[in-house]
Number of protein chains: 4
Amino acid sequence: MDAQSPETNLSPWMPFESRRRARDEKREAVLRTAVRLFLEQGYHRVTLNDVAERLNITKPALYNYFRSKDEILFECWALGQEIVDEFIAEIDNGGGNALAKLRKLIQAYAEQMTTDSGASLVRFDARDLTAENQKIVRAAKKRIDRTFRKYLADGVADGSIKPCDPKLAAFAIAGSLNWIGHWYQRAGAWSAEAVASRFAAQLTEGLANDRPSKRGPGTPKKSRPAKGGRK
Amino acid sequence: MDAQSPETNLSPWMPFESRRRARDEKREAVLRTAVRLFLEQGYHRVTLNDVAERLNITKPALYNYFRSKDEILFECWALGQEIVDEFIAEIDNGGGNALAKLRKLIQAYAEQMTTDSGASLVRFDARDLTAENQKIVRAAKKRIDRTFRKYLADGVADGSIKPCDPKLAAFAIAGSLNWIGHWYQRAGAWSAEAVASRFAAQLTEGLANDRPSKRGPGTPKKSRPAKGGRK
Amino acid sequence: MDAQSPETNLSPWMPFESRRRARDEKREAVLRTAVRLFLEQGYHRVTLNDVAERLNITKPALYNYFRSKDEILFECWALGQEIVDEFIAEIDNGGGNALAKLRKLIQAYAEQMTTDSGASLVRFDARDLTAENQKIVRAAKKRIDRTFRKYLADGVADGSIKPCDPKLAAFAIAGSLNWIGHWYQRAGAWSAEAVASRFAAQLTEGLANDRPSKRGPGTPKKSRPAKGGRK
Amino acid sequence: MDAQSPETNLSPWMPFESRRRARDEKREAVLRTAVRLFLEQGYHRVTLNDVAERLNITKPALYNYFRSKDEILFECWALGQEIVDEFIAEIDNGGGNALAKLRKLIQAYAEQMTTDSGASLVRFDARDLTAENQKIVRAAKKRIDRTFRKYLADGVADGSIKPCDPKLAAFAIAGSLNWIGHWYQRAGAWSAEAVASRFAAQLTEGLANDRPSKRGPGTPKKSRPAKGGRK
DNA sequence: TATGAATGAGGCTTCATTCAT
DNA sequence: TATGAATGAAGCCTCATTCAT
C-alpha cells in the first residue's frame with residue numbers, strides 16, 4: 001500500500017504495464033466502435049470523425065492506435081477471424097466423425113455470424129484493404145473454405161455423408177451461414193444459439209447418409225431409414 | 001424492298017426512331033460498363049471517370065443519360081431485379097406443386113446469380129442509394145423473400161416438403177444462392193446451368209418429403225405428428 | 001394570294017422581310033423571357049436551359065440569336081437603357097426650367113423603374129458583361145448621372161432650386177429611384193404612375209426654392225399656393 | 001503588471017484562451033477578406049480559392065471555420081446587420097422627437113453604408129443563401145424598414161414631420177441611403193461623416209414641418225396630439 | 001433553323017492524413 | 001497522449017458552348 005509495498009518494487013514496470021493495458025483497452029474500444037459503425041453505415045460512409053466522435057475523442061487521436069483507416073478495418077476483421085480460427089482448431093482437434101465435425105463447425109460458425117465481429121467477416125470488403133492485408137484475408141477465407149470441404153470430403157469418404165461434390169456443397173453451406181451475417185438482428189425473434197442449431201440441423205439434413213455402408217461410422221439419427229431412399 | 005420500301009415512307013421518323021434507339025443503346029452500354037466496374041472494383045472505388053473512360057466518352061457525357069452516380073447504381077440493380085421479377089411471375093403462374101416451384105425458383109435464381117446483373121442484386125449496397133430508391137430495393141428484396149417462404153409454407157402444407165420453419169429455411173436457401181454471386185466466375189469450372197441444377201437438387205434434398213402421406217398432399221403437418229416432426 | 005398578287009411581286013423580298021421579322025420577334029421573345037428570369041432568380045442562378053425551357057425551345061437554339069449568355073444579359077439591359085435615353089432626350093429638348101425638367105426626369109425614370117426593363121438597369125451586375133460592354137454600361141450610367149446633376153446645377157443657377165451640392169443631391173435622388181426597381185411589385189398597392197408622381201413630388205419638395213430670388217421662377221407650395229401647385 | 005500579474009495565474013488556461021482567440025481572429029479575417037472580395041468582384045465570381053489565396057491558406061482550411069460558401073456570405077452579411085441592429089436599438093431608446101430620431105437613424109445608416117460591412121447589406125443577393133438564412137435576412141430588412149416607417153409616422157403624428165405617406169417616404173429615404181453602398185468609395189472626395197450628415201440634412205429637409213401649428217407641434221390628423229406623441 | 005449529344009473548365013465539398021503544440 | 005489546424009488529393013456535378021446532323 002505504501003511506498004514499500006511489493007507493488008512499489010515493480011513500480012518502474014507498473015506504469016508501463018498499466019499504460020499498456022490502458023492502451024490496449026482503448027485500442028479495443030476503438031475497434032468495437034468502428035465495427036459497429038462500419039456495419040451500421042458501411043465502411044465508406046463512416047468517417048474517422050464519426051468513429052472518434054462516438055468515442056468522445058478527436059480524430060487524430062485515433063492515429064495513436066492505428067496507422068490508417070484501413071488498418072482499423074483490418075483489425076476489426078482480424079478480431080472476428082481470430083475467433084473463427086480458434087474454434088476451427090478446437091473442432092479440428094476434437095473428436096467425432098466428419099459429419100459430427102461439420103455440424104460443430106456449422107454451429108460455431110453460425111453463432112459467430114450473429115455477432116458484430118462475425119458479421120465483419122462477410123460484410124466488409126477486402127478490397128478496402130492494403131494489398132498485403134488482402135492476401136491475409138484471402139488466405140483466411142481459403143482456410144475456412146478448405147475446412148468445410150475437408151469435412152465434406154472426409155464424410156463422403158468415411159460414409160457419414162452422402163456422396164456429393166464437396167466444393168459445391170461447401171459453397172452452399174457457407175452461403176447459408178454467411179448470409180446470417182446479413183439478416184440476423186440481435187433484436188429479432190431467434191437467439192443466436194437457436195439459429196445456429198437449426199442451421200446445423202437443416203444444412204446437414206440432406207447430407208447425412210441415411211443408408212451408411214454396413215457398419216459404417218455414424219448410423220445417424222434416423223433409425224430405420226425407411227424405404228424412401230430419398231427421391 | 002427497294003428505295004421505295006415502306007420503311008422509306010417512314011423515313012421522316014427514322015431519325016427520331018434511330019436516335020432514340022441509339023440513345024437507349026448507349027444508356028444500356030453505360031449500365032453494362034458500370035455494372036462490370038462496380039462488381040470488379042466496388043462502387044466507391046469506381047469513379048464516373050472510370051466508367052466514362054472505358055466507354056471512350058467524357059464524364060459529363062454520362063449526365064445525358066443519368067442524373068447522378070447513385071442513379072446509375074440503381075438502374076444497374078433494377079436491370080437485374082427485372083429479370084428476377086419476371087421469372088418469379090412465370091414460375092408463380094406456372095404449374096407444379098410447391099416443391100416443384102421451389103426447385104424452379106432456385107434454378108432460375110441460381111442462374112441469375114452467375115450473371116453480372118444478378119450479382120448486382122446481392123453485391124451492391126442499398127445504402128448507397130437515395131432514401132427513395134432504398135425503399136424500392138427493400139420492397140423487391142422482401143418480395144423475393146416472401147416468394148421463397150410461400151413455396152416452403154405451401155410445400156409443407158401440401159406435403160411435398162417436410163415440416164420446417166419456412167422463414168429459416170428461406171434464409172438458408174437464399175443465403176446459398178446469394179453467395180453464388182460472390183464466388184461464381186464465368187471462367188470457372190462450372191457452367192451456370194450446372195451450378196444451378198446442382199443447387200436446385202442439393203438445396204431441396206433435405207426438404208423433400210420422403211414419406212409423404214398416403215393419399216397425396218393435403219394432409220399436412222398435423223395428422224399423426226409421427227416422430228419425425230422436427231423439433 | 002396567287003402568283004399575280006401584288007405581294008407576289010415582292011416575293012423575292014418578302015421571305016427575307018418576313019423572316020427577318022420572325023427572327024426579330026423571336027429575339028425579343030428570348031429577351032423578354034430572359035429579363036423575367038434574371039430578375040426573378042438572378043443571372044447566375046438562371047441557366048440557358050431555363051431560358052430555353054420557358055420558351056419551349058432548346059438551349060442551342062438560343063445561339064441562333066445570341067452569341068453568349070452575357071450578350072443576352074447585355075441586350076436585356078440595352079432594352080431598358082434605350083427607353084431611358086429616349087425620355088432623357090425628350091425632356092432635355094423639351095421646355096421648362098431646370099426644376100421642371102428634373103421633375104419630369106424623376107417621373108419618367110421612376111415609372112421606368114417599375115418595369116422589367118427598367119429594373120434590369122439597376123439589378124443586373126455589369127461585371128457579368130464583357131469588358132467592352134461594361135464600358136458601354138458605365139457610359140450610359142454616367143450619362144444618366146450627368147443629366148441629374150446638370151438639372152440640379154442649372155436649377156441652382158436659375159434659382160429654381162435651393163443651393164445644394166448637385167453631385168450629392170443627384171446621388172440621393174438616383175438612389176431613391178433605383179431602389180424602386182428593387183421593391184416595386186406589379187401586384188402591389190400602387191400603380192406605377194402613382195409611385196412616380198409621389199416620388200417626383202417628394203424628392204423635389206426639399207429642393208424647390210421657397211424664397212426664390214426676386215421674381216425667380218416657381219413660387220412653390222407654401223405662401224399663396226398659386227397655380228403652380230403641382231398637379 | 002509584471003510576470004506575476006494575475007493574468008499569469010491563468011496561464012494554464014491561456015493556451016485555450018489564446019487558441020480560441022486565434023480562432024476567432026482567423027474567422028474574422030476570413031470574413032473581412034471575403035467581404036472585400038465579394039464586394040469587389042461579386043459573390044459568384046469569387047471562388048473559395050480566391051478567398052483562401054488572399055489569406056495565404058488553402059481552400060479546405062476555410063472549412064474549419066465555415067460549413068459552406070454561402071455560410072460565409074451569410075456571416076458577412078450578419079456582421080453588417082449586427083451594427084445596424086445596435087444603433088437602431090440605441091436610437092430607439094434614446095431621446096428626441098421622431099424627426100430627431102429619424103435624422104440620427106439616417107446619419108448612422110448612411111455612415112454604415114460607407115463601410116464594407118454596411119455595403120454588404122445591400123449589395124449581396126439574399127437568394128444566394130439557404131432558405132433558412134434568407135428568412136433571417138428578410139426579417140432583418142423588414143425590421144429596418146419598419147423603423148424608418150415608425151419614425152415617419154410618429155413624426156407626422158407629433159407634428160415634427162409634414163404629413164406624408166410613411167411607407168413611400170421610407171422607401172425614398174432607404175433608397176437614397178442604400179445607394180450609398182453602391183457608389184461610395186473610401187478614396188472619394190467625401191468623408192463618411194460628411195456624406196452622412198449631408199444626407200441626414202437633405203433627406204429630412206423636405207420632411208421637416210416648417211410651420212408647425214401654433215401651440216404644440218403639428219395639428220395633424222389626430223386631434224389633440226398632446227405632447228406625448230406616441231409611446 | 002433546330003436538335004441531341006458531347007465536352008472543357010471549373011467549383012464546392014469531403015476526408016484521410018500530418019504537424020506543431 | 002491528445003488536439004486544433006491545415007493540407008493534398010480527389011470526386012461529383014453543373015453549365016456555357018460547340019458540333020454534326
Side-chain angles (χ1 to χ4, degrees), chain A residues 19 22-23 26 44-52 55-73, chain B residues 14-16 18-20 22-23 26-27 44-52 55-72, chain C residues 19 22-23 26 43-52 55-73, chain D residues 14-16 18-20 22-23 26-27 43-52 55-72:
Chain A
R19 259 203 219 164
R23 184 184 168 77
K26 284 186 198 164
H44 286 101
R45 269 173 300 276
V46 175
T47 75
L48 289 189
N49 244 340
D50 295 335
V51 178
L55 286 162
N56 287 316
I57 60 174
T58 60
K59 179 166 52 167
L62 294 172
Y63 283 84
N64 285 320
Y65 308 104
F66 302 94
R67 268 195 301 276
S68 66
K69 191 188 180 190
D70 69 79
E71 189 182 294
I72 296 182
L73 183 67
Chain B
M14 270 303 292
F16 286 131
S18 80
R19 267 210 192 163
R20 219 179 38 132
R23 185 183 173 76
K26 281 188 202 159
R27 230 185 98 101
H44 285 101
R45 268 171 303 277
V46 175
T47 74
L48 289 190
N49 244 339
D50 295 336
V51 178
L55 287 163
N56 287 316
I57 59 174
T58 59
K59 181 168 47 168
L62 293 172
Y63 285 85
N64 276 323
Y65 307 102
F66 304 95
R67 270 195 301 274
S68 66
K69 191 188 180 190
D70 70 78
E71 188 182 296
I72 297 183
Chain C
R19 261 203 217 164
R23 187 185 166 75
K26 283 188 198 164
Y43 178 69
H44 286 102
R45 268 172 301 276
V46 175
T47 75
L48 289 189
N49 244 340
D50 294 336
V51 178
L55 286 163
N56 287 317
I57 60 174
T58 61
K59 180 168 49 167
L62 294 172
Y63 284 83
N64 285 320
Y65 308 103
F66 303 94
R67 268 195 303 277
S68 66
K69 191 189 181 189
D70 69 77
E71 188 182 295
I72 297 181
L73 183 67
Chain D
M14 269 305 290
F16 287 132
S18 80
R19 266 209 193 165
R20 218 177 41 130
R23 184 182 174 77
K26 282 188 201 160
R27 231 186 96 102
Y43 177 70
H44 286 102
R45 268 172 302 277
V46 175
T47 74
L48 289 189
N49 243 339
D50 294 335
V51 177
L55 286 162
N56 287 317
I57 59 174
T58 60
K59 182 168 45 168
L62 294 172
Y63 284 83
N64 276 324
Y65 307 101
F66 304 94
R67 270 195 301 274
S68 65
K69 192 188 180 189
D70 69 76
E71 188 181 297
I72 296 182

Interatomic distance where [atom1] belongs to [X] and [atom2] belongs to [N] [whole Å]:
| X | N | atom1 | atom2 | answer |
| --- | --- | --- | --- | --- |
| A/E71 | E/dT17 | CD | P | 10 Å |
| D/D50 | E/dC12 | CG | P | 8 Å |
| A/L48 | E/dT17 | CG | C1' | 9 Å |
| C/L62 | F/dA16 | CG | C1' | 11 Å |
| D/K69 | E/dG11 | NZ | P | 9 Å |
| C/L55 | E/dA2 | CG | P | 11 Å |
| B/N49 | F/dG11 | CG | P | 8 Å |
| A/F66 | E/dT18 | CZ | P | 16 Å |

*Are OP1 or OP2 of E/dA6 and a side-chain N or O of B/N64 less than 4.0 angstrom apart?*
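Result: yes.
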_Less than 4.0 angstrom between a side-chain N/O of B/R23 and OP1 or OP2 of E/dA5, yes or no?_
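Yes, within the criterion.
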*Could you say whether D/T47 or D/R67 is positioned toward the 5' end of DNA chain E, judged by the nucleotide with the nearest heavy atom to each?*
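Whichever sits nearer the 5' end wins; that is D/T47.
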Side-chain donor/acceptor of [X] to backbone N/O of [Y], under 3.5 Å:
| X | Y | value |
| --- | --- | --- |
| A/R67 | A/I72 | no |
| B/R23 | B/N64 | yes |
| C/K69 | C/Y43 | yes |

Selection from [options] that lies nearest to any side-chain heavy atom of [X]:
| X | options | value |
| --- | --- | --- |
| D/S68 | E/dT13, F/dT7, F/dT17 | E/dT13 |
| C/Y65 | F/dC13, E/dA2, E/dA5 | E/dA2 |
| B/A61 | F/dA6, F/dT1, E/dA6 | E/dA6 |

_Position toward the 5' end of DNA chain F (nearest nucleotide), C/R45 or D/I57_ =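 Its nearest nucleotide lies further toward 5', so the answer is D/I57.
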*Considering heavy-atom distances to DNA chain F, does C/P60 or D/N56 have its closest nucleotide positioned more toward the 5' end?*
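So the residue in question is D/N56.
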*Determine which nucleotide pairs with E/dA20, using a 3.5 Å limit on both distances of a Watson-Crick or G-U wobble pair.*
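Here E/dA20 is engaged in a pair, and the nucleotide opposite it is F/dT3.
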*Would you classify B/K26 as touching base, sugar-phosphate or nothing, given that sugar-phosphate means primed atoms plus P, OP1 and OP2, and contacts are heavy atoms under 4.0 Å?*
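Contact class for B/K26: sugar-phosphate only.
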*Using a heavy-atom cut-off of under 4.0 Å over every strand shown, decide if C/V51 touches base, sugar-phosphate, or nothing.*
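Nothing, no nucleic acid heavy atom in range.
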*Step by step, would you call C/V51 with C/L55 a side-chain contact (heavy atoms from CB on, under 4.5 Å)?*
CA-CA 6 Å; C/V51 178; C/L55 286 163; 4.1 Å; yes
_Any donor-acceptor pair, under 3.5 Å, between the side chain of C/K59 and the base of F/dT17, if you only look at N and O atoms?_
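For C/K59, whose side chain was compared with the base of F/dT17, there is a donor-acceptor pair (under 3.5 Å).
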*Go through the steps for A/N49 and A/T58 under the test side-chain contact (heavy atoms from CB on, under 4.5 Å), then give the verdict.*
CA-CA 7 Å; A/N49 244 340; A/T58 60; over 6 Å; no
